[in-house]
Structure formats: C-alpha cells, structure tokens
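This report refers to the structure that appears directly beneath it.
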2 protein chains.
Amino acid sequence: MNLTTAEENYLKAIYHLSEGGSKSVSTNDIAGEMKTKPASVSDMLRKLSDKEVIEYRKYYGVHITEEGKKRALQTIRKHRLWEVFLVDKLNFAWDEVHEVAEELEHIQSPLLIQRLDAYLNYPKFDPHGDPIPDEYGDVRARPRVPLNEMDLDQTGQIVAVKDSSAAFLRYLDKVGAYIGARIKILDRVEFDGSLEILVDNKKNIFMSKDVAGNILVIQS
Amino acid sequence: MNLTTAEENYLKAIYHLSEGGSKSVSTNDIAGEMKTKPASVSDMLRKLSDKEVIEYRKYYGVHITEEGKKRALQTIRKHRLWEVFLVDKLNFAWDEVHEVAEELEHIQSPLLIQRLDAYLNYPKFDPHGDPIPDEYGDVRARPRVPLNEMDLDQTGQIVAVKDSSAAFLRYLDKVGAYIGARIKILDRVEFDGSLEILVDNKKNIFMSKDVAGNILVIQS
DNA sequence: TATTATTTTTAGCTATATCTAATTTAATTT
DNA sequence: AAATTAAATTAGATATAGCTAAAAATAATA
Ligand SMILES: [Mn+2]
Ligand SMILES: [Mn+2]
Ligand SMILES: [Mn+2]
Ligand SMILES: [Mn+2]
C-alpha cells in the first residue's frame with residue numbers, strides 16, 4: 001500500500017514523537033508537531049490505521065506498527081541523505097536545508113536514493129549529526145548526552161543537535177559550536193544552570209541551560 | 001499567484017502543445033497529452049484562466065499568456081536541470097530520467113535551482129538535446145531539422161530527440177545514434193521512406209522514416 | 001462521587017483533482 | 001438548411017486534506 005505525501009509526513013511525526021515506536025502518541029501532540037488541528041489528526045489516524053502503519057484505539061492514542069516504523073525510517077533516510085547532498089554538494093548552510101529536504105524526501109524512486117547514497121559516499125550522519133538509516137532501516141546509534149547533563153571538567157565532542165531550526169543553528173554558527181567540536185565544561189552557574197564551555201581548547205563560550213539541552217555530545 | 005503541481009503540469013503541456021505559445025490548443029489535445037479526460041481539462045482550464053496564465057474562450061481552445069509562458073519555462077528549466085543532474089552526477093541512463101524529473105521539477109526553492117545550475121556548470125542542453133532556459137526564461141534555440149527531412153548525401157550532427165520515451169531512447173542506444181554523433185544520409189528507400197545512415201564515418205545503420213522523424217540534427 | 005476541565009472525535013463545510021454520464025455547442029455532411 | 005458527428009462543457013460522484021463548531025469520552029479535581 002502506498003502512502004501519500006501527507007501520510008508520510010504524519011507517520012514521520014508519529015515515529016519521532018513516539019521516540020522510535022517505544023511510546024504511545026496523543027492526537028494533540030501530533031497536531032502540535034504537524035501544525036494542524038486535532039480534528040484533522042483524527043481523520044488522518046483513521047487512514048493510517050486502515051493502511052496498517054499504526055495501531056489506533058480511539059481516545060487512547062496511537063502506536064506505530066513494525067511496517068509503519070519501516071516506512072518512517074525510509075522517509076527519514078531520504079530526508080537526511082538529501083540534507084547531506086544540499087550541504088556537501090550544493091553548499092547550503094546547515095540551517096537552510098530542512099524545508100527543502102522536507103519536500104525532496106517524498107520523491108518516489110528507489111534508484112534515485114540508491115544512487116544518491118553512493119554519490120555521497122554512503123554517509124552515516126546528516127549535517128545535524130542525526131544518523132542515516134540504511135536501506136533496511138537499520139540505524140547505528142551513538143550514545144549521546146545533552147550538553148547540559150555533563151559534569152564539571154568533563155570533556156566530549158559535539159555530535160548532533162536536537163533542535164534543527166534555522167534560528168538555533170545560526171546561533172550555534174555564531175558562537176562556534178559546530179558538529180565535531182571538542183568541548184570541556186569549565187563552569188556551571190548554580191542560579192540558572194548556564195554553562196561556560198571550552199571549545200577546541202582555545203575558545204571560551206557561555207550558553208544557557210536551554211541551549212545546552214539541545215546540543216548532544218559523546219563523552220570522552 | 002502560486003500554481004499547484006497539477007497546474008504546473010497542465011501549463012507545461014499547454015506550452016509544449018502550443019509550440020511555445022504560438023498556436024491555440026484544444027481541450028482534447030491537452031487531455032491526450034496529460035492522460036486525463038476532456039472533462040477534467042475543462043475544469044483545469046477554468047482554474048488556469050482564473051490565475052491568468054492562459055486565455056480561455058469556451059469551445060475555442062486556449063492561448064498561453066506571457067505570464068503563463070514565463071511560468072512554464074521555469075518548470076521546464078527545472079525539469080531539464082534535474083535531468084542533467086541525474087545523468088551527469090548520478091549515472092542515470094538518458095531513458096531513466098524523465099519520470100523522476102517530472103517529480104523533481106515541482107520542488108519549490110529558487111536557491112536550490114540556482115545552486116544546482118552552478119553545480120552542473122550552467123549546462124545549456126539536457127540529456128535529450130533540449131535547450132535549458134535561463135533564469136529569465138530565455139532559450140538559445142539551435143536550428144534543428146528532423147533527420148527524415150535531410151537530403152541524400154547531406155551530413156549533420158544529432159543534437160536532440162523529439163520522443164523521450166524509454167523505449168525510443170533504448171532503441172537509439174542499441175543502434176548507436178547518440179547525441180553528438182556525426183551522420184550522413186547514404187540512401188533513402190522510396191517505398192517507405194526508410195533511411196540508410198553513416199554514423200561517425202564508420203557504422204552503417206538503417207532506420208524507419210518514423211524513427212528518423214524523431215531525431216533532430218544540425219546540418220553541416 | 002459528582003462536577004469540571006481537557007482531550008478527542010464527529011458532523012458538516014471548503015478546496016483540489018480526478019472520473020462518468022448527460023448535455024450543449026460547433027463543425028461537417030448530406 | 002437539416003441532420004449527423006465531433007468536441008467541449010456541465011452535473012454530479014469520489015478521494016484527499018484541511019478547517020470550525022458541536023458532541024462525546026476521558027481525566028482531573030473538588
Ligand atoms: Mn516532508
Ligand atoms: Mn537533519
Ligand atoms: Mn511534473
Ligand atoms: Mn529532457
């Protein structure tokens with residue numbers, strides 16, 4: 001059974017909100033994520049349920065099925081491969097790629113994605129540090145910790161961001177917190193949880209707890 | 001005023017059928033080209049007329065407006081740039097690109113097309129020899145003649161094909177009639193108009209009048 | 001437990017894009 | 001000029017994807 005563009009977008013949202021299928025997701029949360037109204041979500045859930053990509057009990061939220069998970073991961077794979085293409089080949093900035101990838105991910109052509117993957121040299125992560133599922137939907141996840149949960153004097157490397165909004169990414173560009181940067185926690189302000197961080201052993205930057213919570217690191 | 005994907009596809013068809021806006025186009029012809037029914041075309045013509053990209057007098061066919069021509073050329077530009085990308089960068093065969101380009105041409109991002117154009121080194125022709133309009137819709141047309149209209153002993157170079165169907169293009173691959181090939185008309189069978197042609201001064205091939213009519217050459 | 005608040009669904013409407021069948025208009029033949 | 005044929009439009013469906021407003025179900029609180 002084929003999915004429409006709208007159905008693919010909803011399924012992807014459900015996959016993300018359920019944290020990969022482990023949690024149940026509410027109608028309201030989906031409406032929030034999709035920027036639609038709960039009434040529209042109810043309609044869509046019936047359709048997705050008919051196509052057996054979700055399990056739906058009225059009034060009790062939805063679970064994604066194995067088939068649904070597979071479909072969502074394919075769309076995510078396409079989204080992230082296109083993002084790599086835009087950044088690596090067309091010189092887009094990492095804050096400019098999301099919208100376009102949101103459209104490109106719906107192009108139907110297995111050959112296209114296979115060739116694109118090869119052309120990009122089988123990348124494992126997208127420009128925001130998110131892992132790219134392989135063609136079978138397998139993801140090589142790395143153990144990642146939000147920067148604000150690290151201890152004083154701990155070191156690590158920035159590997160991803162939780163928030164991919166242009167505003168947030170441009171802020172990171174400005175302060176120099178790019179993916180791959182080596183960091184060390186120098187100080188934590190007890191009052192508001194904000195941090196002082198050493199970047200690449202040469203630059204001191206300050207950031208709020210909120211910002212740090214959206215930066216993911218591998219500890220070292 | 002923005003056009004939907006369906007509207008863009010219809011407008012492109014009208015542009016092609018009208019030979020760049022010079023002829024009036026009938027409802028039935030559009031239905032044939034779009035593989036829809038005349039009733040659907042009537043509906044669409046009303047919409048396109050409301051958006052002022054065509055001039056529509058009921059029962060008397062349509063003309064494309066200047067604005068419509070501009071829009072159609074933008075879509076054609078995107079289609080052909082994507083085809084170049086697929087062939088030059090992703091190693092698609094020239095008979096594999098049309099369907100995918102038919103989807104890719106509707107991605108809305110001026111930046112994407114600008115960057116893609118630069119990345120491909122501002123190509124002037126697509127894999128089928130068709131000219132790529134610039135961002136203002138200007139086309140550098142070459143004087144092209146169907147192969148079957150050439151005289152005996154005349155020489156020329158294949159620069160484009162009229163039919164871009166996979167079946168036709170695969171046939172050309174098989175006989176070695178690629179774009180750029182230098183050709184000479186060796187013989188014409190009076191009975192059915194079929195031709196014997198010398199390709200690149202080394203290979204003799206025979207083709208029907210029908211095939212030759214779909215191959216475009218520059219005479220030399 | 002009864003009331004209130006929140007969440008979710010349903011009913012009914014709009015808009016796009018298609019279809020078939022019926023009707024209307026235009027073009028072509030007697 | 002009338003009759004016939006062909007082309008095009010309209011009427012009335014269906015399917016998708018969204019909305020608002022009202023109703024219903026569940027969850028929270030007094
Ligand atoms: Mn999308
Ligand atoms: Mn991303
Ligand atoms: Mn198209
Ligand atoms: Mn082409």
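We name chains A, B, ... by the order of the sequence lines, and we start the count at 1 in each one.
You'll find that the side chain of A:Tyr59 is closest to D:dA25, out of C:dA17, D:dA25, D:dA7. Comparing C:dT9, D:dT10, C:dT7 against the side chain of B:Lys58 picks out D:dT10 as the nearest. Of the candidates C:dT8, D:dA17, D:dA8, D:dA8 carries the atom nearest the B:Ser42 side chain, counting heavy atoms from C-beta on. The B:Glu7 side chain lies nearest to C:dA17 when the options are D:dA17, C:dA17, C:dC19. The side chain of A:Ser26 lies closest to C:dT8, out of C:dT18, D:dT9, C:dT8. The B:Thr27 side chain lies nearest to D:dT9 when the options are D:dA7, D:dT9, C:dT18. Proximity note for B:Ala39 (side chain, C-beta onward) versus D:dG18, C:dT20, D:dT26: the nearest is C:dT20.
OP1 and OP2 of C:dT9 both lie 4.0 Å or more from every side-chain N or O belonging to A:Lys37. OP1 or OP2 of C:dT16 has not a single side-chain nitrogen or oxygen of B:Tyr10 nearer than 4.0 Å. Contact check, B:Asn28 against D:dA6: no side-chain N or O comes under 4.0 Å of OP1 or OP2.
Base engagement by A:Ser40 is indicated by at least one non-hydrogen atom pair under 4.0 Å involving a base atom.
Atom NZ of A:Lys47 and atom C1' of D:dT14 are 13 Å apart (whole Å). Residue A:Leu45 contributes atom CG, which lies 12 Å from atom P of D:dG18 at whole-angstrom precision. Nucleotide C:dA17 holds its C1' atom 15 Å from the CG atom of B:Leu3, rounded to whole Å.
The backbone N or O of A:Ser208 lies less than 3.5 Å from no partner atom in the side chain of A:Ser194, so there is not a single donor-acceptor pair.
Using the six-membered ring where Trp is involved, B:Tyr119 and A:Tyr119 have ring planes that are perpendicular, over 60° apart on the 30 and 60° scheme.
Heavy atoms from other residues, nucleotides or ligands lying under 6.0 Å from CG of B:Asp210 number 12 at most.
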